[in-house]
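See below for the structure under consideration.
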Amino acid sequence: MADTVAGLQAGITILESSVGGLGGDPFISGADPTQDLIYMLRGMGIYTGIDLKNILRCTVELEAIPGRKLSAKVRLDHGCS
């Protein structure tokens with residue numbers, strides 16, 4: 001997440017992430033999951049226009065495919081809205 005903050009401070013306005021951490025960059029393990037980025041950006045007061053709760057629901061459905069939890073830290077049971 002530190003790289004994202006540094007990018008924002010340098011003027012970056014478009015970020016790339018992967019829902020639940022599924023997929024992402026094949027050269028960098030532990031790419032930032034979409035919901036973790038949205039949660040962090042909200043905490044920084046940055047509006048994304050992305051519905052976090054829908055991303056979290058999508059992650060739950062995606063986890064059923066490989067049958068395991070994905071790498072995202074922010075989860076539906078955190079009470080996010």
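Fair warning: this is a prediction, and the values are worked out from it, not measured in the lab.
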Under a 3.5 Å distance rule, please check whether Glu63 uses its side chain to pair with a backbone N or O of Leu70 as donor and acceptor. yes

Kindly give the heavy-atom pair with the smallest separation between [X] and [Y], and that separation in Å.
X: Ser17; Y: Thr34; answer: OG-OG1, 2.7 Å
X: Leu52; Y: Gln35; answer: CD1-CB, 3.6 Å
X: Leu56; Y: Val74; answer: CD2-O, 3.4 Å
X: Ala72; Y: Pro33; answer: CA-CG, 3.6 Å
X: Arg42; Y: Ile50; answer: NH2-O, 4.0 Å

Close side-chain approach of Ile46 to Met40, heavy-atom, < 4.5 Å: no

Determine, stepwise, if the pair Leu8 / Leu41 fulfils side-chain contact (heavy atoms from CB on, under 4.5 Å). CA-CA 10 Å; Leu8 292 169; Leu41 293 170; 3.4 Å; yes

Say whether Leu62 and Leu37 are linked into one hydrophobic cluster, either directly or through other cluster members, by side-chain heavy-atom distances under 4.5 angstrom. no

With [X] via side chain to side chain contact (heavy atoms under 4.5 Å, CB included) - residues at least two apart:
X: Val60; answer: Leu76
X: Asn54; answer: Asp51, Arg57
X: Ile12; answer: Leu15

Who else is in the cluster with Tyr47 when I, L, V, M, F, W and Y are joined by side-chain contacts under 4.5 Å? none

